[in-house]
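Input: a single structure, listed below in structure tokens.
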Amino acid sequence: MHVKHLAAAATAALLLAPSAAAQNYDPASGQSPLVLLAVPGDGIAYYETRERARALFAAQQWAQVEPLAEQLVRDYPRDPENWFMLARSKARLGKWAEAAPAWERAGPLNWYRVAYTHLQRGDRRTTLDILRQTIFERRGFFRTELYDWPEFQTLHGDPEFMEMIGRPDTTGWTREQGWAFDVDFLLQEMWRVNPDFRGLPLPAEVVRRHEQLKRDIPRLSDEEIFVGMARMLAPLHQGHIALWNPPGNRYLPVRFYAFPDGLYIIEAADPALYGARVVAFGDTPADEALRRLSETASVDGDMQYLWGVSNLAQSAYLKGLGLTPSADSVRMTLRGRDGRTRTVTLATTATEPEGRQDRMVAPAGVPAPLYLRDIAEPQKHWETPLPEHDALYVQVNNLVDEENETLAQFGLRLWSVVDSVRPRNLILDLRHNNGGSTSLYPQLLRTLVAFSRPEGNQVYVLIGRRSYSATGNFVTDLERLVDPVFVGEASSECCSLYGDPTGVRLPYSGTQGELTALKWMLSEPWDHRREISPEVPVQLTAEAYFAGQDPAMDAIFRLIAHRRNASR
């Protein structure tokens, strides 16, 4: 259950922005704090210059940005954005010696750029020293990913660089040495970037599981070690911590979904398996399999345990959890839609089935309900009027920009749609939305806030187990600023959440994953909720799903009708 592409986009957005103050007052400098009151001689002229520089920056007119940015940092060096514009323009013009100090003043997230600037100048020693300091002293987000950055590909032949980024030469390592290194490396990387524990003692249970796993390596299969590493990190109870792609991983040709009445197959290469409830994996009851799987998950909100059932379609988990002795095939007991129970043996494949296995799909053989009609492109956002309910339905499936419309453009366009349709009810469906970038949704949020202000208007927000990551931030802001009625399942994150992970690749096995590096707090400091609990809890049963029904949407329609009748 990983969100590696969306998480990478969110983390990249952080790196691309200036951060922190460019100038911090230090009393030891001998200066009076009155220096903090220095401002440009003409604030309006400064503002106009800054706006011109911003426009030219957006147009990538670097030669014209440079002199304006130089003037801005002279007039008001406190603003890191001024240094950011100066550094970017200097770098794009190839003035590397001048770009490096500007990047330093632009804020701590730019130290990787400082290192790259020195590399462009041909100063390999300074580059490596800055990278080492950034990774280990400043605990920078990025480490193993640096191998894939084109900026540092000329360092691939440098043993010091490769060791530093977690790519040591593993030639001659035994299996036990390799896995032991990976287990240690994973724990160290987590500790290096974790927002709660960097530089502090780790939870005792995490340490105990780490030590036990290392002792057990000689008697464990690769799959059991993989599961053991996931179980080692589970006590952190933080989102955006996950592992995937271990060596030899194989896939079942099915898609699982957890309903209140059990674990079901909602898509399968063999149509005869469609709609069956899983009774057991091998000799292990399905409920016990779900419990064992939950022991391997580090989660924020508990609904994330149910979102992660797609991992039971991977041999690494099935074999690592003791649910099958072989990675090549899995024996399963199923109860078909006809009520009959049978045992099948499914062969696994080396290729992951097309499409994200943790996503809901439309049921077969029946008309798809509205929320499952247009989900072929996961990033899609769209809207449609529902005049019979005096409503506008809006589906946002990820907080990312589409190819032909950014999320900000969608937020602006949505207001024109609202102005045209004039609905009294707006239904926002976030049940497919597992995140993206928090920085992208403000314009959409403004539209929703504006809609909610007139008396008689009502926003309904459909949430569920996939409402996660940046969407956890989005629903937190919606709760504070829009006062919607939340309907459906609880979300998997909200309020105080762990996000913006750094990627990790384990040196010996090549296992990949993500480790949370930031903690968001968009609610009150004393709000320790990990999920938004719906005011109208409604569950989707297997019977309703396979019949093409949507009980949560039906509940909203009943609420709208009730409000309409009450106002007459």
Side-chain angles (χ1 to χ4, degrees), residues 3 6-7 9-11 13-14 17 19 195 238-240 300-301 303-304 379 381 383 392-402 406-415 417-418 425-454 457-501 516 518-536 556:
V3 288
L6 298 179
T11 302
L14 281 172
S19 65
Q238 299 173 342
H240 291 87
D300 255 331
M303 291 301 290
Q304 198 176 340
Q379 290 78 29
H381 43 251
E383 79 291 333
L392 179 68
Y393 175 82
V394 180
Q395 187 174 108
V396 180
N397 291 336
N398 278 136
L399 297 175
V400 299
D401 292 333
E402 286 190 30
T406 68
L407 197 61
Q409 290 169 340
F410 175 68
L412 287 170
R413 181 174 65 78
L414 187 63
W415 182 248
V417 175
V418 167
N425 305 285
L426 192 149
I427 303 169
L428 176 63
D429 199 335
L430 300 176
R431 286 177 287 181
H432 305 299
N433 197 322
N434 65 312
S437 175
T438 297
S439 66
L440 295 181
Y441 69 66
Q443 189 61 58
L444 176 59
L445 180 62
R446 291 188 190 103
T447 291
L448 296 169
V449 171
F451 174 84
S452 70
R453 291 187 65 185
N457 282 6
Q458 181 62 57
V459 176
Y460 299 90
V461 179
L462 289 153
I463 55 174
R465 66 193 72 176
R466 282 184 60 85
S467 304
Y468 182 75
S469 193
T471 306
N473 283 336
F474 189 30
V475 296
T476 303
D477 276 338
L478 287 169
E479 182 184 55
R480 290 190 308 118
L481 303 173
V482 176
D483 191 24
V485 176
F486 289 103
V487 181
E489 297 178 335
S491 65
S492 280
E493 282 189 321
C494 83
C495 313
S496 172
L497 65 88
Y498 295 88
D500 294 87
T516 182
L518 283 179
K519 187 174 183 180
W520 290 84
M521 175 65 80
L522 297 189
S523 187
E524 292 87 354
W526 49 85
D527 183 357
H528 298 294
R529 289 176 298 163
R530 298 292 190 92
E531 63 181 37
I532 291 285
S533 299
E535 296 148 284
V536 185
I556 291 177

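All of these numbers come straight from a predicted model, not from anything done at the bench.
- Of the listed residues (R529, R465, R530), just one forms a salt bridge (Lys or Arg N to Asp or Glu O under 4.0 Å) with D300, and that residue is R530.
- Between S452 and V449 the shortest heavy-atom distance is OG-O, 2.7 Å.
- Only one option out of V417, L426, L414 pairs with T447 in a side-chain contact (heavy atoms from CB on, under 4.5 Å); it is L414.
- The distance from the CG atom of L478 to the CD1 atom of I532 is 9.0 Å, given to the nearest 0.5 Å.
- The two residues S437 and S439 have their closest heavy-atom pair at OG-OG, 2.7 Å.
- The backbone N or O of Y498 sits less than 3.5 Å from a side-chain atom of H240, completing a donor-acceptor pair.
- Of the possible polar contacts, one joining the S491 side chain to the E493 backbone as a donor-acceptor pair under 3.5 Å is found.
- The backbone N or O of L522 lies less than 3.5 Å from a partner atom in the side chain of R480, making a donor-acceptor pair.
- Annotation: side chain of L407 is not in contact with side chain of V400 (no heavy-atom distance under 4.5 Å).
- Taking the side chain as every heavy atom from C-beta outward, T471 and S492 never approach each other to under 4.5 Å.
- The closest side-chain heavy-atom distance from M303 to Y468 is not below 4.5 Å.
- Closest heavy-atom contact between P195 and T516: CD-O, 3.7 Å.
- Of all the heavy atoms in A490 and S533, the pair that sits closest is CB-CA, 4.4 Å.
- With E535 contributing its side chain and F486 its backbone, the two residues share a donor-acceptor pair below 3.5 Å.
- Within the model, atoms CD of Q409 and CG of D401 stand 7.5 Å from one another, a figure rounded to the nearest 0.5 Å.
- Looking only at side-chain heavy atoms (C-beta outward), L399 and T438 stay at 4.5 Å or farther from each other.
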When you look at I556 and L462, which way does the side chain to side chain contact (heavy atoms under 4.5 Å, CB included) test go after all the steps?
CA-CA 9 Å; I556 291 177; L462 289 153; 3.7 Å; yes
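- Looking at V396 and L428, their side chains come closer than 4.5 Å, going by heavy atoms from C-beta outward.
- Between D477 and Y441, the side chains place a donor N or O and an acceptor N or O closer than 3.5 Å (distance only, hydrogens not considered).
- No side-chain heavy atom of S467 sits less than 4.5 Å from a side-chain heavy atom of N433.
- Within the 4.5 Å cutoff, no side-chain heavy atoms of Q238 are placed close to those of K519.
- A donor-acceptor distance shorter than 3.5 angstrom exists from the side chain of E402 to the backbone of H381, with no hydrogens or angles considered.
- Listed here is the closest heavy atom pair of E524 and M521: O-SD, 3.5 Å.
- Residues V461 and F474 fail the side-chain proximity criterion, which asks for heavy atoms closer than 4.5 Å.
- Residues F451 and N457 share a closest heavy-atom pair of O-ND2, 2.9 Å.
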